[in-house]
S.K.: 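To start, I am sharing the structure in question, which I have written as structure tokens.
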There are 2 protein chains.
Amino acid sequence: MQYTVKQLGDLAGVSARTLRYYDEIDLLKPSAVTEAGYRLYGPDAVDRLQQILLYREMGMGLDQIKRIMNDPQFDLKEALLSHRKSLLQRKAQLEQLLETVERSLAGLEGRIHVTDKEKFEGFKKQLVADNEAKYGKEAREKYGDEAVDASNAKLMGMSPEDWENFKKVEEELIETLRAAMEEGDPDSDLGLKVGELHRRWLSFTWQSYSAEAHRGLAEMYVADERFKAHYDQYSPGAAEFLRNCIFAYTEKKRG
Amino acid sequence: MQYTVKQLGDLAGVSARTLRYYDEIDLLKPSAVTEAGYRLYGPDAVDRLQQILLYREMGMGLDQIKRIMNDPQFDLKEALLSHRKSLLQRKAQLEQLLETVERSLAGLEGRIHVTDKEKFEGFKKQLVADNEAKYGKEAREKYGDEAVDASNAKLMGMSPEDWENFKKVEEELIETLRAAMEEGDPDSDLGLKVGELHRRWLSFTWQSYSAEAHRGLAEMYVADERFKAHYDQYSPGAAEFLRNCIFAYTEKKRG
DNA sequence: GATAAACCTTAACGTTACGTTAAGGTCAAG
DNA sequence: CTTGACCTTAACGTAACGTTAAGGTTTATC
């Protein structure tokens with residue numbers, strides 16, 4: 001069935017103004033528009049609004065929500081699984097906050113001593129929306145906007161530990177790349193390890209992997225001046241060598 | 001010890017800008033200011049910031065937070081107990097949202113059918129901040145800003161059921177007041193019942209009760225034109241009669 | 001058919017709670 | 001002394017709507 005703005009708003013707990021605003025910013029278009037100009041929302045719009053509200057619940061900005069949901073790779077089931085993870089994190093944070101309140105009460109009664117630091121436990125927002133703020137900027141400076149937008153859904157679900165591992169793998173990749181370049185053979189064990197490490201690095205941001213896509217990215221490293229410059233800063237010719245390692249790795253994997 | 005804006009911000013997870021803004025709007029003043037003009041925050045400010053963040057966590061606006069915390073009746077322990085209640089409500093809502101996600105996943109897999117209404121369960125915000133939006137306006141029109149501000153902390157914790165009961169007690173109060181006025185004796189059983197109902201009605205918004213405060217309020221009903229007009233709309237002389245019933249009730253209780 | 005209430009549209013200004021930038025002063029470590 | 005981190009105030013900008021206004025549409029009732 002189809003809903004007008006008020007009907008959908010009442011159903012979902014948002015204002016008609018919100019729905020019109022979402023239409024205006026192309027976040028949630030109505031399923032149809034009557035001759036009189038009335039917006040009508042169908043099942044597809046209902047499902048999309050649910051997703052929007054879930055992302056919004058996590059504090060994500062509308063611009064970001066739009067990018068994620070407009071990604072051709074957006075998958076409803078994956079998204080729901082991601083939401084579940086985020087909600088569980090949020091729940092854990094709430095429980096921490098409850099603990100903080102309990103301890104503050106106990107401190108008030110002189111039963112225990114509560115440090116200033118403890119008084120703010122649970123307020124720290126290690127949550128999905130903050131990942132963009134925290135890591136997105138760094139990632140954007142390193143890899144460019146397109147790469148980050150393409151991996152936004154995955155990046156959003158990262159914990160601080162994930163981020164650290166992400167960076168560690170990259171550091172190891174750079175080191176191994178340097179060593180392999182001294183050896184000079186992309187087909188060597190070191191060269192293959194470079195390819196494998198690169199694949200592991202990609203797993204942090206790619207929703208799915210294919211050797212073909214991996215090779216496509218590798219070609220982009222030498223074709224796109226920004227990526228080339230990024231890797232060549234480690235060592236002259238690094239982008240090209242990395243491309244070759246990736247090809248060796250994917251060929252061997254395939255062969 | 002004392003913290004600068006950055007130190008307190010890092011400790012609490014808020015920006016220095018936020019702290020400066022809170023100083024500007026008189027929500028959180030620094031404990032001291034150095035000769036160079038630097039803000040310094042001591043233990044009192046730390047505790048106050050914790051409270052601010054707890055209210056903010058519940059979605060409460062800063063203006064509202066300020067009114068509650070500046071109320072002479074503000075009590076830290078009561079506030080913490082109220083926070084706990086709010087946090088538990090929030091937790092229950094999150095769990096509902098998790099259930100909604102699980103059901104949506106099951107629906108996606110064709111295991112169950114999920115209604116459009118069910119898809120939005122958990123998003124409805126029956127929470128403290130919304131009480132002001134929902135009930136505050138109605139309450140303000142009826143009782144005036146001062147009365148509502150004075151009872152804000154209690155009002156914020158109301159559930160929809162509480163609100164309905166609040167109104168029911170008031171309706172019964174008005175009816176009984178009318179009946180008692182026809183009888184004409186504030187000291188009668190009906191008159192005393194008016195006093196008791198009024199006390200019950202107050203218990204929804206007062207953090208503590210005393211006969212003295214009750215009588216003070218009763219005096220205000222006849223002295224303040226708005227209250228007088230409010231009650232006299234039910235029946236001419238109702239404000240004065242109510243004052244007399246309250247005095248009879250509190251005198252009998254005391255004697 | 002007329003009426004009234006509820007709802008629809010677009011337009012546009014306002015609000016809240018900061019984020020960001022700029023200019024210039026202060027503090028602490030090397 | 002230098003430098004980097006941090007402080008101040010000022011002021012403009014931003015995100016996500018809320019609110020008001022003017023005028024059209026829909027639906028139920030008489």
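Computed from a predicted structure; not experimentally measured. Note that these values count all heavy atoms, side chains included, but never hydrogens, waters or copies made by symmetry. Chain identifiers are assigned alphabetically (A, B, ...) following the order of the sequence lines, protein sequences preceding nucleic acid strands; residue numbering begins at 1 within each chain.
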S.K.: Determine whether B/R67 and B/D71 satisfy the following criterion, salt bridge (charged side-chain N to carboxylate O under 4.0 Å, His left out), listing intermediate values before the conclusion.
M.R.: CA-CA 6 Å; B/R67 289 203 298 270; B/D71 187 334; over 6 Å; no

S.K.: Expected output is a numbered-order residue list: members of residues 26-44 of chain B with a heavy atom under 4.0 Å from any atom of DNA chain D. What is it?
M.R.: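 Listed by number, they are B/G37, B/Y38, B/R39.
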
S.K.: Does one side chain, of B/Q2 or B/S31, offer a donor that lies under 3.5 Å from an acceptor on the other?
M.R.: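 There is no such pair (donor and acceptor under 3.5 Å, judged by atom type) between the side chains of B/Q2 and B/S31.
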
S.K.: Decide yes or no on side-chain hydrogen bond (donor to acceptor under 3.5 Å, both in side chains) for B/S104 and A/Q50, but give the supporting numbers first.
M.R.: CA-CA 10 Å; B/S104 297; A/Q50 185 199 40; 2.8 Å; yes

S.K.: Taking any atom closer than 4.0 angstrom to a non-hydrogen atom of chain A, what span of DNA chain D does the protein reach, first nucleotide to last?
M.R.: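 Range of nucleotides touched by chain A: D/dA16 to D/dT26.
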
S.K.: Are any protein N/O atoms closer than 3.5 Å to N/O atoms in nucleotides 28-30 of chain C? If there are, list each pair with its distance.
M.R.:
none

S.K.: Grab the OH-C1' distance between B/Y21 and C/dG19 for me, whole Å please.
M.R.: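 After rounding, the gap between these two atoms is 12 Å.
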
S.K.: Separation of A/R17 atom CZ from C/dC8 atom C1', in whole Å?
M.R.: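 Whole-Å distance recorded here is 14 Å.
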
S.K.: For B/I65 and C/dC18, what is the distance between atoms CD1 and P respectively, to the nearest whole Å?
M.R.: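 Interatomic distance, CD1 of B/I65 to P of C/dC18: 9 Å.
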
S.K.: Does a side chain donor of either A/S86 or A/Q89 reach within less than 3.5 Å of an acceptor in the other side chain?
M.R.: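 Side-chain D/A pair, A/S86 to A/Q89: absent.
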
S.K.: Would you say A/Y3 and B/D116 are linked by a side-chain donor-acceptor pair, where the criterion is simply a distance under 3.5 Å?
M.R.: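 Their side chains do contain a donor-acceptor pair, which is all the 3.5 Å distance test asks for.
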
S.K.: Taking for each residue the nucleotide of DNA chain D with the nearest heavy atom, is it B/R20 or A/T18 whose nucleotide lies nearer the 5' end?
M.R.: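 First, find each residue's nearest nucleotide; the 5'-ward one identifies B/R20.
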
S.K.: Minimum heavy-atom separation for B/E121 to B/L97, with atom names?
M.R.: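 Heavy atoms of B/E121 and B/L97 come nearest at O-CD1, 3.6 Å.
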
S.K.: Distance-only, no hydrogens or angles: does the B/R84 side chain make a donor-acceptor pair with backbone N or O of A/E99 under 3.5 Å?
M.R.: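 Not a single qualifying donor-acceptor pair exists.
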
S.K.: Taking the side chain as every heavy atom from C-beta outward, state whether A/R90 and B/R90 have any pair of such atoms under 4.5 Å apart.
M.R.: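 Yes, their side chains come closer than 4.5 Å.
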
S.K.: Nearest whole Å is fine: how far is C/dT16 P from B/Y55 OH?
M.R.: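 Interatomic distance, OH of B/Y55 to P of C/dT16: 20 Å.
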
S.K.: Hey, are A/H83 and A/Q51 close enough side-chain-wise for a donor-acceptor pair under 3.5 Å?
M.R.: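 Checked: A/Q51/A/H83 side chains pair up, N/O donor to acceptor below 3.5 Å.
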
S.K.: Between A/D10 and A/K6, is the closest basic N to carboxylate O distance under 4.0 Å?
M.R.: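 A/D10 and A/K6: salt-bridged.
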
S.K.: Any heavy-atom pair between the side chains of B/Y41 and B/L49 that's under 4.5 Å?
M.R.: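 No. Closest side-chain heavy atoms not under 4.5 Å.
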
